[in-house]
There are 2 protein chains.
Amino acid sequence: MINKSGIFSKSCSHALKAATFVGKKGLENKAVKLKEIAEEINSPLAFTAKILQKLVKANIIESNRGAKGGFFITKVNLKKVVLKDIVFAIDGEGSYSGCALGFEKCSASKPCALHFQILPIREKLKETLVSTTLKDLARAVDENNTFLKE
Amino acid sequence: MINKSGIFSKSCSHALKAATFVGKKGLENKAVKLKEIAEEINSPLAFTAKILQKLVKANIIESNRGAKGGFFITKVNLKKVVLKDIVFAIDGEGSYSGCALGFEKCSASKPCALHFQILPIREKLKETLVSTTLKDLARAVDENNTFLKE
DNA sequence: TTTAAATCGGACATTCTTATCTTAATTGAT
DNA sequence: ATCAATTAAGATAAGAATGTCCGATTTAAA
Ligand code: FES
Ligand code: FES
């Protein structure tokens with residue numbers, strides 16, 4: 001999953017930020033409009049729209065069209081959705097279980113040259129991605145302990 | 001650094017494989033030709049050439065042109081070069097110290113929403129990348145414990 | 001019923017990564 | 001000197017990721 005500037009692809013980090021902001025508003029049962037989301041996470045409007053649509057299709061957040069519409073997340077999902085769900089929805093599974101050197105499939109029976117070095121790191125990453133909920137992130141942002149833009 | 005199919009960019013994983021193979025031959029003080037490298041790591045010839053050139057410019061491996069030419073690594077470098085050096089040479093520094101959500105710079109004073117989750121993973125990755133030498137990888141491949149292609 | 005506010009969805013444009021092609025430069029052997 | 005083998009380097013192409021645009025659709029309210 002490693003690329004030239006950070007851990008996640010841009011799409012994925014925009015998705016994580018967008019979902020976190022929707023989650024933050026979800027803490028108080030509010031829906032938010034696309035425009036507000038894009039501004040709040042400092043991400044291009046149209047591109048943010050595309051990403052939000054993916055999150056909707058992946059049943060992570062929901063949306064309402066028309067006047068008074070917007071994006072929102074249910075209490076249930078806010079608690080249930082973990083980071084892995086978002087990463088999968090945007091980048092797919094390969095991103096967190098693929099072989100470090102590009103083998104078709106990571107396996108201990110034909111380990112690549114980096115297998116034993118990378119495996120523990122990937123395990124730690126997986127553990128974090130499945131144990132961190134969107135609510136965790138949303139709360140931290142809501143309490144001003146962490147931020148969605150610089 | 002995370003992308004759609006594995007931990008490193010393709011360029012970077014080709015570089016790691018190529019360097020490891022050159023390193024394996026370096027264990028017995030042999031130079032190898034581009035063609036042999038590309039075949040051995042299952043990577044396109046011309047693209048492999050480009051990557052090898054970057055490794056040469058980064059003083060990780062060396063090359064000789066002309067008949068009987070090829071790529072090789074000195075005993076000193078084989079022992080001294082760590083994975084970080086290769087990753088830096090190909091993908092640059094951002095790849096392992098950039099902010100997970102794309103902030104200009106990762107900092108505890110303005111942590112992004114994922115900072116506290118990602119930091120320990122990145123630290124573990126860094127630790128691995130600086131403590132694993134090319135010789136370590138080359139040896140494991142030489143002993144058939146790990147592989148460079150499927 | 002009309003209108004304005006939103007999201008949806010597909011086509012399009014741009015930029016970055018990956019890959020190829022071609023020509024030059026270098027070197028050892030004949 | 002010439003030739004063949006080999007890396008170096010730059011131009012170019014193909015593909016994927018990122019980003020934009022615009023018209024269609026849905027909805028609430030006037
Ligand atoms: S085989 Fe490459 S990471 Fe496991
Ligand atoms: S600020 Fe984003 S990872 Fe540290």
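Below, chains carry the letters A, B, ... as their sequence lines are ordered, and counting in each starts from 1. Side-chain atoms are counted along with the backbone in the values below, which use heavy atoms only and exclude waters and symmetry mates.
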- request: Report the distance from atom NZ of B:Lys57 to atom P of D:dT7, rounded to the nearest whole Å.
  value: 16 Å

Which atom pairs, donor and acceptor, lie under 3.5 Å between side-chain atoms of residues 79-88 of chain A and protein residues at least two apart or in another chain?
| unit_1 | atom_1 | unit_2 | atom_2 | d |
| --- | --- | --- | --- | --- |
| A:Asp85 | OD2 | A:Val82 | N | 2.9 |

Kindly list each side-chain donor-acceptor pair under 3.5 angstrom involving residues 60-74 of chain A, sequence neighbours excluded, with atom names and distances?
| unit_1 | atom_1 | unit_2 | atom_2 | d |
| --- | --- | --- | --- | --- |
| A:Thr74 | OG1 | A:Asn77 | N | 3.0 |

field: Sugar-phosphate or base contact per nucleotide [nucleotides 20-30 of chain D; S, B, -; heavy atom under 4.0 Å]
entry: B----BBBS--

- prompt: Please give, in whole Å, the distance from C:dA19 C1' to B:Asn42 CG?
  reply: 15 Å

task: May I have the distance from B:Gln53 (atom CD) to D:dG10 (atom P), rounded to whole angstrom?
output: 9 Å

- line: Residue pairs passing the side chain to side chain donor-acceptor pair (under 3.5 Å) test with at least one member in residues 128-140 of chain A, sequence neighbours excluded, are A:Thr133-A:Asp136

- line: From the candidates D:dT7, C:dT7, C:dT18, the one with an atom nearest any side-chain atom of B:Lys10 is C:dT18

query: Rounded to the Å, how far apart are A:Asp91 CG and D:dA16 C1'?
result: 12 Å

message: Can you pull out the residues from residues 14-24 of chain A that lie within a 4.0 Å heavy-atom distance of DNA chain D?
response: A:His14

query: Starting at NZ of A:Lys35 and ending at P of C:dT7, how long is that distance when rounded to a whole Å?
result: 11 Å

Below 3.5 Å, can you tabulate the donor-acceptor pairs from side chains in residues 29-43 of chain B to any protein atom, sequence neighbours excluded?
| unit_1 | atom_1 | unit_2 | atom_2 | d |
| --- | --- | --- | --- | --- |
| B:Lys30 | NZ | B:Glu28 | OE1 | 3.3 |
| B:Ser43 | OG | B:Thr48 | OG1 | 2.7 |

task: Indicate, with yes or no, if B:Leu16 and B:Leu129 share a hydrophobic cluster defined by side-chain heavy-atom contacts under 4.5 Å among Ile, Leu, Val, Met, Phe, Trp and Tyr.
output: yes

task: Take atom CG of B:Leu52 and atom P of C:dT18, then tell me their distance rounded to the nearest Å.
output: 16 Å

message: Show, in sequence, the C-alpha distance, side-chain angles and deciding distance for B:Ser107 and B:Ser109, and conclude whether the side-chain hydrogen bond (donor to acceptor under 3.5 Å, both in side chains) test is met.
response: CA-CA 5 Å; B:Ser107 87; B:Ser109 62; 3.3 Å; yes

query: Just how far, in rounded Å, is P of D:dT7 from CG of B:Leu55?
result: 14 Å

- prompt: Distance check: side-chain N/O of B:Ser63 vs OP1/OP2 of D:dA8, anything under 4.0 Å?
  reply: yes

task: Scan for ring pair (Phe, Tyr, Trp, His ring centres under 6.0 Å) pairs involving residues 106-150 of chain B, sequence neighbours excluded, and state none if there are none.
output: none

query: Counting just side-chain N and O atoms, does A:Ser11 come under 4.0 Å of either OP1 or OP2 of D:dT18?
result: yes

- prompt: Who are the ring pair (Phe, Tyr, Trp, His ring centres under 6.0 Å) partners of B:Phe47, not counting sequence neighbours?
  reply: B:His14

query: When the distance from CD of A:Glu36 to P of C:dA5 is rounded to whole Å, what number comes out?
result: 16 Å

task: Check side-chain contact (heavy atoms from CB on, under 4.5 Å) between B:Glu123 and all other residues, then give those that pass, not counting sequence neighbours.
output: B:Leu119, B:Lys126

